[in-house]
Every structure is written in structure tokens, then in C-alpha cells.
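The next block holds one structure in the form of C-alpha cells; read it before the comments.
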Amino acid sequence: MKLKKSVLLILLSFAIISSCKNKEQAEVETLAKEVVVVIQSEKQSVEKVMKAYKDAIQNLTTKGTFELFTPDATVFEQGKVEGTYKDYIDHHLGPELGHFKSFTFSDYEINTTVNLPYAYTTENYLYTIVLKGDEVKGTQERTIESKGVATSILEKINGEWKIIHSHTSFKKINQ
């Protein structure tokens, strides 16, 4: 009788342990699925920020872009430290946009990694700039085609993704 009780107790213990492991495994699997959904949602939010920036540049404006960057975000372009985003707009991109007739991206690809509270993006693209002609300077309209790459680091601050670091480079396509 003691042997039967011991065997029954052992079998019952195994059943309980197996049940707990299955429940824990199911909880872990459920949690993992929830994490994947959250990360996918965060990736979409990050990519929305990057798209807003790209769209503004294509529209030849900086309107609305300051909200995409932190005030102390650092910008690097083509091997040069541009300073903060405000510095970059005031002394480089802002004046440059005034000389463009159009700026279009094509073959655009983005790779986004989220590691909360940070995200990292790598963008690859072709871009075409049509420079305005200037009668006073005697220059004609011309087109520049280049292959570009950009890496950005974003931080989630108060529930919003903000660019804290941007680095772009390009090479001209043989024309």
C-alpha cells in the first residue's frame, strides 16, 4: 500500500510539474508574441518619423522637421560635423533648399532596429536634385543624381520618437 501511495504521489508530482511547465511555457510564448507586436509598432512609429523628414525634404521645406529632432541632436554629412539640427538648417540645408527646383528620393529602403528606449535606422536611396538656373549668375538648370546612405539614432522621449543623431553620405552617380 505504501508503495502504491508513493508511486501515485510521484506520478501526481510529475503531472503537476508538467502542467506548471506547460503553463509557464505558454505564458512565455504569449509574452514573446506581445513583445514582437510592441516592437513592430515601435518600428512603424520610428519609420513614420523618418518618412516625415524625407517627405519634408522632397517638398523643399524644413517646416515641421524641428519637432522630429531633439534640440541637441547632432548632424553629420559627408564627413563634416554640421552641429545641431538647427545649425544644419541655418547654415547648410536651409539655404541649399532655396537653390533646388526639386529633390526626389527613389529606390528607398529603410532598416530599423528597436532596442527601447532607442532605435537605429539605416536608409539607402537614390536621389535626384534639379538645381534652378540663375540668369544673374549665368548658370543653367542642371540635374544631380546621387546614391545616398543615412544612419540615424532615435530616442523615445515622453512617448515620442526623436532623432538624436543623423549621419548622411552620398556619392554621385556617373552622369
Side-chain angles (χ1 to χ4, degrees), residues 36-175:
V36 167
V37 168
V38 167
I39 295 298
Q40 276 306 110
S41 175
E42 295 296 343
K43 282 175 111 173
Q44 290 172 350
S45 296
V46 166
E47 290 174 6
K48 186 177 176 182
V49 170
M50 302 311 295
K51 182 181 182 320
Y53 183 60
K54 180 174 70 78
D55 289 350
I57 302 307
Q58 287 190 125
N59 290 321
L60 304 178
T61 185
T62 60
K63 185 177 181 183
T65 62
F66 285 90
E67 293 79 19
L68 305 174
F69 289 79
T70 60
D72 59 346
T74 53
V75 178
F76 299 82
E77 182 178 298
Q78 205 63 15
K80 182 176 183 252
V81 178
E82 298 285 348
T84 66
Y85 183 67
K86 182 179 181 334
D87 294 334
Y88 178 58
I89 294 304
D90 289 347
H91 304 289
H92 185 125
L93 186 60
E96 205 171 56
L97 289 175
H99 299 285
F100 298 165
K101 181 176 180 181
S102 69
F103 189 127
T104 55
F105 290 94
S106 61
D107 296 341
Y108 179 83
E109 295 177 11
I110 186 169
N111 184 0
T112 304
T113 301
V114 174
N115 188 3
L116 290 168
Y118 297 99
Y120 313 89
T121 65
T122 303
E123 300 164 285
N124 290 289
Y125 46 83
L126 299 176
Y127 66 87
T128 303
I129 298 171
V130 177
L131 293 169
K132 296 176 184 174
D134 187 334
E135 287 184 32
V136 174
K137 291 183 179 179
T139 59
Q140 294 184 353
E141 183 178 289
R142 66 185 174 108
T143 301
I144 299 169
E145 294 178 319
S146 297
K147 179 176 178 56
V149 64
T151 56
S152 297
I153 302 171
L154 295 86
E155 183 176 8
K156 193 162 191 182
I157 302 169
N158 298 324
E160 292 185 26
W161 287 103
K162 302 282 185 176
I163 301 168
I164 62 172
H165 176 90
S166 175
H167 189 162
T168 59
S169 65
F170 66 90
K171 68 177 185 175
K172 291 184 180 176
I173 296 174
N174 294 335
Q175 298 177 359

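At a threshold of 4.5 Å between non-hydrogen side-chain atoms, the residues S152 and M50 count as touching. The shortest side-chain heavy-atom distance between I144 and L131 falls under the 4.5 Å cut-off. Using a 4.5 Å heavy-atom cutoff, the side chains of V149 and F170 are not in contact. When side chains are defined from C-beta on, V49 counts as touching I163, because their heavy atoms get closer than 4.5 Å. Counting heavy atoms from C-beta on, the side chains of Y127 and Y108 never come closer than 4.5 Å.
Residues satisfying the salt bridge (charged side-chain N to carboxylate O under 4.0 Å, His left out) criterion with D87, sequence neighbours excluded, are absent altogether. Residues passing the side-chain hydrogen bond (donor to acceptor under 3.5 Å, both in side chains) test with Y88, sequence neighbours excluded: E77. Among residues two or more places apart in sequence or in another chain, the salt bridge (charged side-chain N to carboxylate O under 4.0 Å, His left out) test is passed with K48 by none. For E160, the salt bridge (charged side-chain N to carboxylate O under 4.0 Å, His left out) partners at least two apart in sequence or on another chain are K162. Residues meeting the salt bridge (charged side-chain N to carboxylate O under 4.0 Å, His left out) test with K80, sequence neighbours left out: E82.
Under the salt bridge (Lys or Arg N to Asp or Glu O under 4.0 Å) criterion, no residue pair touches residues 117-140, with sequence neighbours excluded. Listed by first then second residue, pairs satisfying ring-ring contact (aromatic ring centres under 6.0 Å, His included) with a partner in residues 128-151 number zero, not counting sequence neighbours. Evaluation of the side chain to side chain donor-acceptor pair (under 3.5 Å) test over residues 38-47, restricted to residues two or more places apart or in two chains, returns E42-K156, E42-W161, E47-T112. Sorted by first and then second residue, the pairs that involve residues 89-113 and meet salt bridge (Lys or Arg N to Asp or Glu O under 4.0 Å), not counting sequence neighbours, are K86-D90, K101-E141.
The side chain to side chain contact (heavy atoms under 4.5 Å, CB included) test with L154 singles out one residue from T121, I164, V114, and that residue is T121.
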### Task
Please step through side-chain hydrogen bond (donor to acceptor under 3.5 Å, both in side chains) for the pair Y85 and T65, ending with a clear verdict.
CA-CA 9 Å; Y85 183 67; T65 62; 2.7 Å; yes
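Side chain of T61 to main chain of K63: a donor-acceptor pair is present (N/O by atom type, distance under 3.5 Å, no hydrogens or angles). Side chain of E145 to main chain of I129: no donor-acceptor pair is present (N/O by atom type, distance under 3.5 Å, no hydrogens or angles).
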Which pairs would a plain distance check flag for residues 66-75, meaning a side-chain donor or acceptor within less than 3.5 Å of a matching protein atom at least two apart in sequence or in another chain?
| unit_1 | atom_1 | unit_2 | atom_2 | d |
| --- | --- | --- | --- | --- |
| T70 | OG1 | D72 | OD1 | 3.1 |
| T70 | OG1 | A73 | N | 3.2 |
| T74 | OG1 | H165 | ND1 | 3.0 |

Result block: side-chain N/O donor-acceptor pairs under 3.5 angstrom for residues 51-59, not counting sequence neighbours:
| unit_1 | atom_1 | unit_2 | atom_2 | d |
| --- | --- | --- | --- | --- |
| K51 | NZ | D55 | OD2 | 2.6 |
| Q58 | OE1 | F105 | N | 2.7 |
| N59 | ND2 | D55 | O | 3.0 |

